[in-house]
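In what follows, a single structure is set out as structure tokens and then discussed.
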There are 2 protein chains.
Amino acid sequence: MRTIKLTLAYDGTDFAGWQIQPSSKTVQATLEETIEKITAVRPSTLASGRTDAGVHALGQVVSFRTESRLSTEVLQRALNAVLPPSIAVLDVANMPDSFHVIRDALRKLYRYVIYNGPVRDIFSLRYAWHFVRGRLDADAMQRAASSLVGKHDFSSFETSGSPRKTSIRTVYDLRIERGRGGQAHFITLEIEADGFLYNMVRTIVGTLVEVGRGARPESWPGEVLQSMDRRRAGQTAPPQGLFLVNVEYPKVALPKAVGYLKR
Amino acid sequence: MRTIKLTLAYDGTDFAGWQIQPSSKTVQATLEETIEKITAVRPSTLASGRTDAGVHALGQVVSFRTESRLSTEVLQRALNAVLPPSIAVLDVANMPDSFHVIRDALRKLYRYVIYNGPVRDIFSLRYAWHFVRGRLDADAMQRAASSLVGKHDFSSFETSGSPRKTSIRTVYDLRIERGRGGQAHFITLEIEADGFLYNMVRTIVGTLVEVGRGARPESWPGEVLQSMDRRRAGQTAPPQGLFLVNVEYPKVALPKAVGYLKR
């Protein structure tokens with residue numbers, strides 16, 4: 001048996017999220033069926049985090065154990081040949097058996113895209129929140145976001161219902177920018193943290209948009225954070241603007257046992 | 001009666017092209033039904049050129065005549081409210097009755113996008129030709145394209161079946177570039193001409209790709225042009241990479257008769 005780490009991109013539009021559910025098409029079920037076709041054994045996959053219906057991934061990380069001796073290159077080609085076009089395997093790596101895709105994650109980067117122009121952008125309908133009721137002030141949103149950076153109890157920005165030990169997380173960086181030139185109608189928010197609570201990015205976006213449209217002062221998101229009361233925060237922004245961009249792990253040396261497998 | 005010029009963007013994926021056809025969803029039929037809902041009269045629309053099934057538009061130009069006295073702003077808002085999400089009206093203008101959307105077009109700009117990376121890009125499947133069988137040499141394609149710029153008989157690059165007086169066209173510019181940074185897997189071709197024959201852009205792309213993948217020398221596209229024989233050219237590249245970007249018209253002064261209509 002060996003432990004494999006997959007890096008996946010997927011378009012979340014047509015999936016009911018990552019996690020297997022009865023009678024819904026999910027990324028996890030599709031991936032496990034594909035691995036079974038290639039290795040003849042249905043694996044149990046584990047992702048760095050679940051993504052909800054409609055949420056996309058540019059670099060989701062998934063692990064599973066297998067007895068297959070296919071090289072990582074052959075495994076990647078076979079997976080990409082069998083997977084539907086909306087899922088792509090970007091990388092396959094052999095990992096030590098001690099690797100744990102959730103516990104070992106050091107930090108995650110999410111991106112949220114808002115389209116904010118006068119007329120809808122038909123090519124980004126599936127990949128951005130279309131906010132066309134007036135112009136958002138991205139600079140005000142950036143200033144308001146500064147109070148969320150650092151180690152805080154983020155329970156104001158958590159949708160209840162997901163089990164977790166603590167609601168304290170450390171946000172390392174939170175950048176909000178309006179594009180330039182041909183991208184001037186797009187506002188991109190990037191947030192990097194050691195972990196995220198359920199719906200945390202989408203609730204932060206919904207809250208900062210209240211500042212961007214002038215309905216709340218720049219001091220408000222900090223007050224919402226302090227209150228530790230979800231009812232004080234803004235709406236949960238819709239899923240199609242959200243991308244899991246990257247999950248960072250410690251650099252590890254390959255154990256000798258899998259050293260014969262080319263990487 | 002007045003003459004209206006619409007500038008449209010549309011995602012061609014779900015349409016059987018621009019032109020009305022029995023029992024197929026087309027952009028023209030959808031637009032005419034929408035205008036009828038707003039003005040109570042079904043118009044006859046005319047486009048600067050037909051686009052095929054799967055081909056997109058960033059700036060298609062369409063004209064129609066109407067007795068409606070709605071201002072251009074109100075007409076644009078109403079059209080965008082009723083049209084499906086995959087069509088957007090970017091601009092509405094009043095034109096002199098002498099305006100002819102095909103005859104008056106001075107030049108057109110098309111863009112063709114090729115994805116050329118090692119693993120499929122799931123977010124551009126509908127908007128690029130995925131060419132993943134090896135790396136294309138965009139610089140060689142650019143050099144080979146130089147023989148196509150200028151006034152030539154382009155019958156080698158025309159799919160027969162479309163009526164036209166002459167197969168002579170003037171290509172003003174033909175630029176091929178590989179993107180940089182995060183766009184390095186995308187090759188973009190932009191071609192500007194006084195007009196295009198049926199499938200001309202897609203056949204030029206299919207021909208230049210033969211040079212890019214090293215199957216033909218850089219001198220070959222020029223020889224194909226000289227031969228005036230469609231069978232000599234490369235394949236017709238698939239529709240989803242093609243975008244009608246812009247149609248240029250002479251600047252005209254509004255006639256007094258429609259001067260009361262706000263613009």
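Scope of the values below: all heavy atoms of this structure, side chains included, with no hydrogens, waters or symmetry mates. Proteins come first, then strands; the chains are lettered A, B, ... in the order of their sequence lines, and each starts at number 1. No experiment lies behind these values; they were computed from the predicted model shown.
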field: Proximity breakdown for A:Leu83 and chain B, heavy-atom pairs closer than 4.5 Å
entry: both

- line: Answer key: most heavy-atom pairs under 4.5 Å with chain B among A:Ile87, A:Leu58, A:Leu90 is A:Ile87

message: Let's test your reading of the structure: which of A:Pro118, A:Ala9, A:Pro85 forms the most heavy-atom pairs below 4.5 Å with chain B?
response: A:Pro85

Which N or O donor-acceptor pairs, by atom type, sit under 3.5 Å across chain A and chain B?
{"unit_1": "A:Asn80", "atom_1": "O", "unit_2": "B:Arg120", "atom_2": "NH1", "d": "2.7"}
{"unit_1": "A:Asn80", "atom_1": "O", "unit_2": "B:Arg120", "atom_2": "NH2", "d": "3.0"}
{"unit_1": "A:Leu83", "atom_1": "O", "unit_2": "B:Arg120", "atom_2": "NH2", "d": "3.4"}
{"unit_1": "A:Pro84", "atom_1": "O", "unit_2": "B:Arg120", "atom_2": "NH2", "d": "3.3"}
{"unit_1": "A:Pro85", "atom_1": "O", "unit_2": "B:Arg120", "atom_2": "NE", "d": "3.4"}
{"unit_1": "A:Ile87", "atom_1": "O", "unit_2": "B:Arg120", "atom_2": "NE", "d": "3.3"}
{"unit_1": "A:Ile87", "atom_1": "O", "unit_2": "B:Arg120", "atom_2": "NH2", "d": "2.8"}
{"unit_1": "A:Arg120", "atom_1": "NE", "unit_2": "B:Pro85", "atom_2": "O", "d": "3.4"}
{"unit_1": "A:Arg120", "atom_1": "NE", "unit_2": "B:Ile87", "atom_2": "O", "d": "3.4"}
{"unit_1": "A:Arg120", "atom_1": "NH1", "unit_2": "B:Asn80", "atom_2": "O", "d": "2.7"}
{"unit_1": "A:Arg120", "atom_1": "NH2", "unit_2": "B:Asn80", "atom_2": "O", "d": "3.0"}
{"unit_1": "A:Arg120", "atom_1": "NH2", "unit_2": "B:Leu83", "atom_2": "O", "d": "3.4"}
{"unit_1": "A:Arg120", "atom_1": "NH2", "unit_2": "B:Pro84", "atom_2": "O", "d": "3.3"}
{"unit_1": "A:Arg120", "atom_1": "NH2", "unit_2": "B:Ile87", "atom_2": "O", "d": "2.8"}

message: Using every non-hydrogen atom in the two residues, find where A:Ala88 and B:Val119 come nearest and quote the distance to one decimal.
response: CB-CG1, 3.9 Å

